[in-house]
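I have placed the structure first, in the form of structure tokens, so that the comments after it can refer back to it.
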Amino acid sequence: MASASFVKLNAASSSWMGQKSSLGKRSPGSSTRRVSFSTRASSYTDELVQTAKSIASPGRGILAIDESNATCGKRLASISLDNTETNRQAYRQLLLTTPGLGEYISGAIFFEETLYQSTTDGKKFVDCLRDENIVPGIKVDKGLVPLPGSNNESWCQGLDGLASRSAEYYKQGARFAKWRTVVSIPCGPSDLAIKEAAWGLARYAAISQDNGLVPIVEPEILLDGDHPIDRTLEVAEKVWAEVFYYLAENNVVFEGILLKPSMVTPGAEHKEKASPDTVAKYTLKMLKRRVPPAVPGIMFLSGGQSEAEATLNLNAMNQSPNPWHVSFSYARALQNTVLKTWQGHPENVEAAQKSLLVRAKANSLAQLGRYSAEGESEEAKKGMFVKGYTY
Ligand code: 13P
């Protein structure tokens, strides 16, 4: 892979969001060659910046419901439902027609099937979102496969045909995208796996921006392992350094991306659990060392934490101002109680929607640093960690 070089000799100076860069101007009488910083401007740049800003708006975060059909099947099996398109549609309809959801949720990530689905009354799911001022998003990666030459690690597929798929998703109403790759601490991680993860994310991000979709950049550092929190910090710093290196090399506009990191915690099998204050201290330290303030939003994944734990940790991170919007993009930590309440029965839909609002509001308060765990149910305190979780 090419080495880092953000300075291009003899390159034409570029404009970004309509402003001509003055960085490359030659001083009078100077004999040195012209040096320019080149950042490619996509025709969508202004829109990307606006989309990212609206997703990263105060007191709101992302509802991730982009489980692949196989993973959605596992969720449905947990309440004894078959993995049919009708059941997947019914579950997503319950979530997406929750009245008032837009007060706490700014974006929702779909799996491809959901992007093209409608309610049983014929209203497109993307229109349900628009009515609540929620931005529709789409998972665009094609999943993980073994990475030959590594330590039993994986890489993420999906770059082939991504540009045309993204253009189609944009036409269908999607305005942001998600690509989840993973890094395993117990498996190394090897330099090869980290480089591959970072390069794939950067290529995906550039292609998404070129097609009008704000890329969510998600190198998930899995909770698997018995390592202490310092080891997670070390790996996370390495991973994010590499990710930003390649994002810059691919001329990705940082103002038009969102990040989806894992929180910095000890491994799930470590003997001690970390308090929310410790998780917040380590996670913010890592982010401040690695993430430029140009990035508008950090939208955490929950990764198998319990609903209450994910909310408490987010709340701890918002006790003082951060350079970026620090919020949530949870799947399991927003959906667990909803699914248990629903059980596939139409008469439970209203109660299940209420439980979604409870979780969404709790995380909205945590985004504002005003959440208290008082009155949380026992269900909300149950961890959801599964070894080698796929999406
Ligand atoms: P979890 O919050 O369940 O870890 O979801 C991660 C994810 O990538 C969803 O889009």
Side-chain angles (χ1 to χ4, degrees), residues 55 61-76 78 91-92 95-96 105-115 134-144 154 156 158 174 176-184 197 200-201 204 208 213-224 232 236 239 258-265 267-268 279 283 297-314 326-340 356 359-360 362-363 366-367 380 382-391:
I55 295 172
I62 296 175
L63 169 65
I65 54 165
D66 58 311
E67 297 86 359
S68 63
N69 287 350
T71 304
C72 191
K74 288 185 204 153
R75 300 269 163 86
L76 295 175
S78 75
Y91 178 50
R92 266 74 184 248
L95 297 167
L96 299 171
I105 299 295
S106 53
I109 320 175
F110 289 165
F111 187 60
E112 192 179 46
E113 176 182 273
T114 319
L115 185 67
I134 299 173
V135 183
I138 176 80
K139 169 190 168 78
V140 299
D141 68 74
K142 292 279 186 189
L144 300 164
S154 33
C156 185
F176 73 101
K178 169 202 142 164
W179 175 284
R180 171 187 180 260
T181 190
V182 301
V183 173
S184 162
L201 282 164
Y204 137 79
S208 296
L213 303 178
V214 168
I216 291 194
V217 177
E218 181 180 2
E220 176 168 351
I221 297 167
L222 297 169
L223 277 179
D224 303 52
T232 313
V239 169
L258 293 166
L259 307 187
K260 183 155 168 165
S262 316
M263 295 179 191
V264 177
T265 65
V279 172
T283 308
I298 312 272
M299 321 297 287
F300 286 103
L301 58 90
S302 60
Q305 301 179 50
S306 74
E307 291 177 324
E309 198 182 354
T311 312
L312 276 168
N313 288 340
L314 178 63
V326 172
S327 193
F328 58 93
S329 173
Y330 298 155
R332 282 168 281 179
L334 277 172
Q335 292 183 48
N336 188 43
T337 310
V338 183
L339 204 54
K340 299 263 160 65
L356 175 60
R359 283 267 51 86
N363 286 298
Q367 197 292 307
K382 281 189 195 152
M384 288 168 275
F385 169 70
V386 178
K387 242 184 165 152
Y389 188 77
T390 52
Y391 222 73

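Values reported hereafter were calculated over all heavy atoms of this structure, with side chains retained and with hydrogens, waters and symmetry mates removed. Counting convention: from 1, in listed order, for ligands and their atoms alike.
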Query raised in the report: By number and element, which atoms of ligand 1 are closer than 4.0 Å to a non-hydrogen atom of Arg180?
Result: 8 (O)

Report summary line: Honestly, for Arg332 the part within reach of ligand 1 (heavy atoms, under 4.0 Å) is both

Report task. Would you mind finding which of Ala333, Ser302, Ser262 brings a heavy atom closest to atom 2 (O) of ligand 1? Result -> Ser302

Query raised in the report: Can you list the ligand 1 atoms lying under 4.0 Å from a non-hydrogen atom of Ala331?
Result: 1 (P), 2 (O), 3 (O), 5 (O), 9 (C)

Query raised in the report: Per the side-chain contact (heavy atoms from CB on, under 4.5 Å) rule, which among Glu67, Gln305, Arg75 passes with Arg332?
Result: Arg75

Requested in this report: Answer with side chain, backbone, both or neither: which part of Ala64 has a heavy atom less than 4.0 angstrom from an atom of ligand 1?
Outcome: side chain

**Report entry** Side-chain donor or acceptor of Asp141 paired with backbone N/O of Arg180 under 3.5 Å
**Finding:** yes

Query raised in the report: If only atom types and distance count, is the side chain of Glu307 paired as donor or acceptor with the main-chain N or O of Thr337 below 3.5 Å?
Result: yes

Query - Selection from Glu220, Glu218, Glu67, Lys139 by shortest heavy-atom distance to atom 8 (O) of ligand 1 - result: Glu218

Query raised in the report: Within the distance-only criterion (no hydrogens, no angle test), does the side chain of Tyr330 pair as donor or acceptor with the backbone N or O of Gln335 below 3.5 angstrom?
Result: no

Query raised in the report: Any donor and acceptor pair, going by atom type alone, linking the side chain of Glu220 with main-chain N or O of Pro261 inside 3.5 Å?
Result: no

Query raised in the report: Taking Tyr91 for the side chain and Cys72 for the main chain, is one N or O donor matched with an acceptor at less than 3.5 Å?
Result: no

Query - Residue Gly303 vicinity, atoms of ligand 1 by number, heavy atom under 4.0 Å - result: 1 (P), 2 (O), 4 (O)

Query raised in the report: Hey, does Ile109 come in under 3.5 Å of ligand 1, counting only N/O atoms on both sides?
Result: no

Report task. Using a strict 4.0 Å cut-off to heavy atoms of Lys178, name the atoms of ligand 1 that fall inside it. Result -> 7 (C), 8 (O), 9 (C), 10 (O)

Report task. Give the numbers and elements of all ligand 1 atoms closer than 4.0 Å to a heavy atom of Tyr330. Result -> 2 (O)

**Report entry** Which of the ligand 1 atoms, numbered from 1, are nearer than 4.0 Å to a heavy atom of Asp66
**Finding:** 9 (C), 10 (O)

Report summary line: Honestly, for Lys260 the part within reach of ligand 1 (heavy atoms, under 4.0 Å) is side chain

Report summary line: Between Lys178 and the options Ile62, Val140, Asp66, Val214, the side-chain contact (heavy atoms from CB on, under 4.5 Å) test singles out Asp66

Query raised in the report: Checking Gln367 side chain against Gly61 main chain: does a donor-acceptor pair fall under 3.5 Å?
Result: no

